[in-house]
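The structure appears right after this line, and notes come after that.
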Amino acid sequence: MEMKIEGACDPKLYESYIYEEWMKSGYFNPDNLPGNRKENYIVYMPLPNVTGSLHMGHTLDNTFQDLVIRYHRMRGYKTLWLPGTDHAGIATQYVVEKQLKKEGINRFELGREKFIERVWEWKKEYGGIILSQLQKLGCSADWSRTRFTMDPEYARDVQDAFIHYFEKGLLYRGFRTVNWCTRCGTSLSELELEYKEEETKLWHIKYSDDVIVATTRPETMLGDTAIAVNPSDERYKHLIGKKVMLPLMNREIPIVGDEMIDKEFGTGMVKVTPAHDSVDFEIGERHKLPMIQVIDGRGRMTKDAGVYEGKKANEAREEVVKKLEEGGMLVKTEPYKHNVAVCYRCNSVIEPIPSAQWFLKMRELADSAISAVKSGDVKIHPERFEKPYFDWLSNIRDWTVSRQIWWGHRLPVWFCANDEKKEKFVVTKEKPSECSFCHSCEMEQAPDVLDTWFSSALWPFAGIKEEDKKNYYPGNTLITARDILNLWVARMIYSGIEFKNAIPFKDVLIHGTIMTKDGKRMSKSLGTGIDPLQYIEQYGADVTRFAVVWQATGQDIRWDETAVIGGKKFLNKIWNATKFVLANKKEGDEKNVPEGNTEADKKILEGIKQLKQGVTQDIETFEFSKALHDIYEFFWHSFCDEYIEVAKTQMQNEGQKEGTQEILMYALRESLIMLHPFIPFITEVLWKEGIKDKTPLIIHQW
RNA sequence: GGGCGAUUAGCUCAGCUGGUUAGAGCGUUACAUUGACAUUGUAAAGGUCACAGGUUCGAGUCCUGUAUCGCCCACCA
């Protein structure tokens with residue numbers, strides 16, 4: 001195919017054609033890059049969820065990544081941008097469950113195996129959408145290496161990691177009060193929680209004349225197993241060791257002293273419900289308190305809740321309050337505002353529920369992630385994001401890695417089927433042929449799957465061919481939004497250190513978040529999202545990329561549509577300036593840097609030199625927006641408005657004509673080179689079809 | 001409760017280690033235009049740089065405080 005550079009600029013005419021040319025060239029794959037490239041430059045793409053479709057966040061994120069990749073490719077690096085998708089356990093399961101709901105069935109009716117099949121079907125149909133959208137955006141990732149976190153090789157590495165941690169003694173099974181989503185029916189880690197402010201009440205309940213507690217959750221009192229006060233509290237310290245009768249349940253519970261209790265809050269006395277509050281659980285551990293579970297995994301009262309059995313927790317709350325009031329035990333009710341935890345995926349209220357889970361000891365791993373940044377081996381840009389990173393890692397608690405959902409990496413854990421208590425298990429990849437405990441049963445695999453982040457933490461090295469692991473680890477730069485700094489980036493860092501004995505990347509770039517024009521978060525469910533595909537469709541990928549980078553100055557972005565118009569105009573300018581230069585081209589042009597005769601010549605040549613230095617430095621320091629603004633300024637004003645106008649006159653003068661033509665071409669070439677990482681399509685098409693340089697711009701020397 | 005960020009032209013934002021008339025895009029106004037481009041050119045209007053103090057020869061830029069907005073973290077039950 002060949003196209004002429006004429007008429008008006010129309011990205012529709014060349015973007016898909018150019019992308020096909022790149023794909024055919026194979027240059028996205030570092031192994032195919034020409035020349036003697038010794039040094040790697042690797043970017044691991046933050047895995048989009050298979051449930052995802054391209055939104056503004058991805059657009060910014062991936063444009064930046066493509067930009068650094070293209071820049072380094074032109075600089076002669078062996079560039080690998082590794083793409084993939086994340087199976088996104090809870091998110092994907094939720095989507096498929098919703099789909100089933102429309103058909104009037106739930107996953108339990110379908111059964112585990114059939115359900116998983118459905119998810120795979122779903123993945124097959126929709127899971128690749130996001131990647132094709134990234135291709136529309138012009139992303140030059142090595143699609144031949146695309147990975148999915150549930151690919152067999154990836155799954156094997158995940159299991160290996162689990163076994164490694166277990167054998168090292170970092171992974172253990174425990175029975176604890178954990179965050180539990182009653183809708184999804186699974187445990188969650190603290191990073192998977194979101195908080196919503198809720199107007200509720202603080203009920204002051206009299207357990208005895210001496211004991212009055214304040215609580216926001218009166219229904220959990222049914223499971224109280226102690227009262228706690230601060231041992232230094234003069235008002236109450238004499239009560240420690242005494243007992244008190246638990247109202248409604250007629251159970252005697254002890255009064256204990258615990259440093260954790262804030263004397264200032266409420267009455268300074270706290271009801272302790274180890275089964276339904278993680279703090280209370282810890283108090284319970286310290287004082288060897290029994291645990292009474294009154295709420296089950298579906299958010300309903302258990303048989304230990306007595307007459308409230310079977311009721312929903314919030315119904316039970318009302319009834320408990322009523323009962324206490326009737327009994328004269330409710331001494332005060334005050335309005336109270338606090339944050340309730342909800343599931344990040346389905347927004348349902350989180351219940352702390354006791355259950356058997358698998359935990360990863362974090363202290364040692366977190367420390368390695370801390371030192372990686374403290375030592376400067378990994379640099380976080382901007383630097384201020386180091387603080388939340390250190391804060392989280394310093395105060396980290398063991399990570400609940402097991403999830404009670406079906407879609408995900410199954411734990412390589414096998415239980416003895418004859419052991420009702422589920423205490424006898426082995427950790428191994430393959431199902432043991434014989435049970436080493438009873439020597440008679442078929443061992444049963446643990447039903448749990450791993451937290452999705454357990455597998456994504458291994459992303460930079462999991463699932464690739466052995467030789468790739470050797471050649472393409474570690475990487476260089478990780479570009480992402482701030483919300484997954486701890487959720488994911490920190491975990492990749494210690495995982496890299498743990499499994500590969502090397503940090504996975506040197507630089508972490510945290511970019512701003514794109515918000516609506518009034519500063520609201522873009523969200524599909526709120527209807528505040530702006531679809532980047534509409535821009536790609538209407539104006540092309542280059543314009544979309546331009547608009548994003550133009551605005552991405554480092555702060556959060558209040559999305560301004562007019563930047564798109566600016567991009568459209570700029571592309572038009574480039575197109576037309578190129579037409580002009582081509583029309584005035586000298587036959588048999590050379591690539592040497594021209595000398596320059598006139599003042600204007602010298603000025604433009606100096607301008608190019610300065611600009612190139614500046615832009616190079618800006619890209620190296622992740623100042624992409626500044627670089628783009630500077631090239632824009634140069635191209636439009638210095639080159640088009642000033643030099644091209646002067647050139648028209650200079651070309652009338654036979655003595656200056658050739659020199660001017662050379663400079664026009666040189667300035668155009670340099671501009672296209674510098675612009676290519678930002679707006680790759682138009683620059684490539686003008687390079688190939690206009691200038692007719694034989695070396696594709698994508699691999700042309702910067 | 002703690003931390004972080006923001007507050008500069010009508011709108012969205014740049015202004016690094018303090019130094020001549022504070023910049024850009026979009027918008028607005030006037031004029032121009034068959035000549036690469038009207039998705040254009042030239043020119044212009046438009047800002048007491050949130051507020052109050054302070055440091056300095058000099059502050060949008062540094063310090064202190066206040067206000068408003070946004071984000072994150074937090075085991076006040």
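Quick note on labels: first sequence line is chain A, next is B, and so on, each numbered from 1.
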From C-beta outward on [X], which listed nucleotide comes closest to its side chain: [options]?
X: T562(A); options: C37(B), C75(B), C26(B); answer: C26(B)
X: K573(A); options: C37(B), A6(B), A24(B); answer: C37(B)
X: N576(A); options: C71(B), C37(B), A74(B); answer: C37(B)
X: C640(A); options: A36(B), C26(B), C13(B); answer: A36(B)
X: K387(A); options: G5(B), G3(B), C26(B); answer: G3(B)
X: Y336(A); options: U39(B), A77(B), C69(B); answer: A77(B)
X: D560(A); options: U39(B), U12(B), A36(B); answer: U12(B)

At 4.0 Å (heavy atoms only), tell me whether [X] reaches a base, stays on the sugar-phosphate, or touches nothing.
X: I644(A); answer: base
X: A214(A); answer: base
X: W550(A); answer: sugar-phosphate
X: E633(A); answer: nothing
X: R482(A); answer: sugar-phosphate
X: D262(A); answer: base
X: W203(A); answer: nothing
X: A577(A); answer: base
X: K648(A); answer: base
X: F385(A); answer: nothing
X: M260(A); answer: base
X: N339(A); answer: base
X: S278(A); answer: nothing
X: H637(A); answer: sugar-phosphate

Check this for me, if you would: do [X] and [Y] make a salt bridge, where the nitrogen-to-carboxylate-oxygen distance has to be below 4.0 angstrom?
X: D618(A); Y: K626(A); answer: yes
X: E190(A); Y: R397(A); answer: no
X: D258(A); Y: R286(A); answer: yes
X: R482(A); Y: D556(A); answer: yes
X: E662(A); Y: K586(A); answer: yes

P gap between A67(B) and A30(B), integer Å: 46 Å

Separation of the C1' atoms in U61(B) and C73(B), to the nearest angstrom: 30 Å

Would you tabulate the nitrogen or oxygen pairs shorter than 3.5 Å linking the protein to nucleotides 29-32 of chain B?
none

Atom pair CG (N486(A)) and CD1 (I493(A)), whose distance is rounded to the nearest 0.5 Å: 9.5 Å

OP1, OP2 of [N] versus side-chain N and O of [X]: anything below 4.0 Å?
X: Q551(A); N: C13(B); result: no
X: R384(A); N: G3(B); result: no
X: K568(A); N: G25(B); result: no

Whole angstroms only, please: what is the CZ-C1' distance between F265(A) and C75(B)? 12 Å

Whole-Å distance separating the CG atom of L628(A) from the P atom of C13(B): 17 Å

Would you sketch RNA chain B in dot-bracket for me? Only Watson-Crick or G-U wobble pairs with both distances under 3.5 Å count, crossing pairs as [ ], other-strand pairs as |, the rest as dots. (((((((..((((.....[...)))).(((((.......))))).....(((((..]....))))))))))))....

Would you say the base of G70(B) and the side-chain of D556(A) have a donor-acceptor pair closer than 3.5 Å? no

Trace of the side chain to side chain contact (heavy atoms under 4.5 Å, CB included) decision for F570(A) with F546(A): CA-CA 9 Å; F570(A) 186 46; F546(A) 176 93; 3.5 Å; yes

